[in-house]
Amino acid sequence: MARHCPPEQAKAWDDAWVFPADLWAKMADMGWFAQPYPLDWGGRGGGAAELCIIAEELGHASLDVAMVYVGTFIPGLVIFRNGTDAQRERFRAGLLDGGYRISVAISEPGAGSDAAALRCSAVDRGGHYVLNGQKSWCTGVGLPGAWIAMYERTDPSAPKHRGITLMLVPNDAAGLEVRRTPTLARHLLGTNDTREAAMAELKCSS
Ligand SMILES: Cc1cc2nc3c(=O)[nH]c(=O)nc-3n(C[C@H](O)[C@H](O)[C@H](O)COP(=O)(O)OP(=O)(O)OC[C@H]3O[C@@H](n4cnc5c(N)ncnc54)[C@H](O)[C@@H]3O)c2cc1C
């Protein structure tokens with residue numbers, strides 16, 4: 001970190017609103033993105049202690065540099081643990097080698113700490129889903145090629161903490177509007193507001 005990303009470097013990236021693509025590539029070369037996944041899945045079998053050490057060292061440069069790394073395996077592990085076999089295979093290579101950037105979209109204007117209050121909906125139209133609503137604070141959604149782990153209400157009649165489905169949505173899906181949210185610092189990844197309007201051609205598995 002002292003060599004590749006001292007705090008002064010992190011500040012320069014932040015001032016310029018630049019995603020540190022070279023640093024990301026170096027993390028990939030060192031196999032860091034494979035760290036949390038088990039050996040028999042192609043990962044490096046790391047546990048919480050290793051991930052905390054890496055995150056802490058990255059955090060000496062800046063919180064946002066740490067989030068560049070941490071923010072990618074959080075949704076990755078969700079796919080690994082809870083996805084279907086097909087979803088796991090679909091995303092495996094990119095999760096292990098840093099080929100994917102996946103953002104998390106839980107928060108909404110009326111759903112923060114109380115995440116189960118989320119109102120964005122996904123309606124099954126047979127073969128595809130139509131998503132509607134607004135998400136807030138989606139960190140890293142605006143980066144090229146990013147996927148969005150988007151939490152959507154699929155059963156409005158269920159209790160509010162149930163009937164929610166995680167959908168994996170490409171950030172260039174038709175009908176999706178991404179708007180940068182102004183922040184003090186945190187400019188490496190950027191955080192964003194998204195509006196989903198009739199993304200009729202989405203093929204998602206619940
Ligand atoms: C820079 C940034 C990046 C973010 N990135 C993401 C992201 O990538 N994906 C995503 O989904 N979200 C993201 N978030 C959203 C973040 O998860 C929410 O801000 C957080 O969940 C809090 O929600 P809120 O801002 O609506 O605050 P609120 O929930 O309105 O809380 C406001 C205050 O009230 C307190 N409070 C709330 N409920 C209670 C209660 N029951 N009892 C006592 N006190 C309470 C809270 O502790 C807090 O101090 C990001 C936010 C920021 C600022």
Side-chain angles (χ1 to χ4, degrees), residues 7 10-11 13-21 23-24 27 33 36 51 54-56 58-83 91 94-95 98 100-122 129 131-154 159-173 176-197 199 202 204 206:
K11 171 95 168 62
W13 285 325
D14 190 79
D15 287 347
W17 293 38
V18 166
F19 178 76
L23 188 69
W24 178 277
M27 292 179 191
F33 295 112
L51 296 174
I54 295 175
E56 190 173 0
L58 291 168
H60 287 311
S62 88
L63 170 68
D64 216 12
V65 169
M67 271 308 289
V68 165
Y69 176 63
V70 174
T72 210
F73 70 72
I74 292 174
L77 284 173
V78 171
I79 295 170
F80 171 72
R81 289 184 181 148
N82 303 294
F91 283 90
L95 291 177
Y100 286 128
R101 169 89 227 153
I102 303 177
S103 299
V104 177
I106 299 175
S107 302
E108 297 178 4
S113 306
D114 184 11
L118 68 83
R119 297 175 58 176
C120 282
S121 69
Y129 283 84
L131 276 60
N132 262 301
Q134 182 178 357
K135 293 288 184 186
S136 314
W137 305 110
C138 305
T139 300
V141 159
L143 295 172
W147 283 77
I148 317 170
M150 207 170 248
Y151 290 74
E152 302 283 326
R153 192 160 294 286
T154 42
K160 74 175 199 173
H161 61 292
R162 298 198 183 279
I164 296 169
T165 301
L166 170 59
M167 306 216 155
L168 295 164
V169 180
N171 73 348
D172 60 354
L176 179 75
E177 184 188 337
V178 176
R179 291 187 313 194
R180 185 82 175 232
T181 306
T183 52
L184 282 173
R186 301 291 305 263
H187 297 140
L188 270 59
L189 291 165
T191 192
N192 305 269
D193 189 275
T194 69
R195 282 172 206 273
E196 312 144 33
M199 296 195 291
L202 272 183
C204 304
S206 56

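Every heavy atom of this structure was used, including side-chain atoms; hydrogens, water molecules and symmetry mates were not. Residue indices begin at 1 and follow the sequence shown. In each ligand, atom 1 is the first atom listed, and ligand 1 is the first ligand listed.
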Separation between CD1 of Ile148 and NZ of Lys135, rounded to the nearest 0.5 Å: 10.5 Å
Option set Ser103, Gly140, Ser107, criterion heavy-atom distance to atom 17 (O) of ligand 1, minimum: Ser107
Atom 43 (C) of ligand 1: any protein heavy atom closer than 4.0 Å: no
Any protein heavy atom < 4.0 Å from atom 49 (O) of ligand 1: no
Heavy atom of the protein closest to atom 2 (C) of ligand 1 (residue, atom name, distance): Trp137 CE3, 3.9 Å
Options Ser113, Ala111, Cys138, ranked by nearest heavy atom to atom 37 (C) of ligand 1, top entry: Ser113
Heavy-atom closest pair, residues Thr191 and Cys138: OG1-N, 3.5 Å
Considering all heavy atoms, the nearest Glu108-Leu118 contact: OE2-CB, 3.3 Å
Under-4.0 Å protein heavy-atom contact, atom 14 (N) of ligand 1: yes
Taking every non-hydrogen atom, the tightest pair across Ile102 and Leu95: CD1-CD2, 3.7 Å
Where ligand 1 meets Arg186 - atom numbers and elements under 4.0 angstrom, heavy-atom basis: 1 (C)
For Val104, atoms of ligand 1 separated by under 4.0 Å from a heavy atom: 7 (C), 8 (O), 9 (N), 10 (C), 11 (O)
Shortest protein heavy-atom distance from atom 5 (N) of ligand 1, along with the residue and atom involved: Thr139 OG1, 2.7 Å
Per-atom contact, atom 33 (C) of ligand 1, protein heavy atoms, under 4.0 angstrom: no
Contact bool for atom 40 (C) of ligand 1 (protein heavy atom, d < 4.0 Å): no
4.0 Å protein heavy-atom contact status of atom 30 (O) of ligand 1, strictly under: no
From CD1 (Ile79) to CH2 (Trp147), nearest 0.5 Å: 9.0 Å
Arg153 versus Pro159, closest heavy-atom pair with distance: NH1-O, 4.3 Å
Heavy-atom side-chain proximity of Tyr100 to Thr72 below 4.5 angstrom: no
Closer than 4.0 Å: a protein non-hydrogen atom to atom 11 (O) of ligand 1: yes
Contact check, side chains of Trp24 and Arg101, non-hydrogen atoms, under 4.5 Å: yes
Protein heavy-atom partner closest to atom 26 (O) of ligand 1 - residue, atom, separation in Å: Gly112 CA, 3.4 Å
Could you list the donor-acceptor pairs under 3.5 angstrom formed between side-chain atoms of residues 64-71 and any protein atom two or more places apart in sequence or on another chain?
from	atom 1	to	atom 2	distance (Å)
Asp64	OD1	Arg186	NE	3.2
Asp64	OD2	His187	N	3.3
Asp64	OD2	Leu188	N	2.8
Tyr69	OH	Trp32	O	2.8

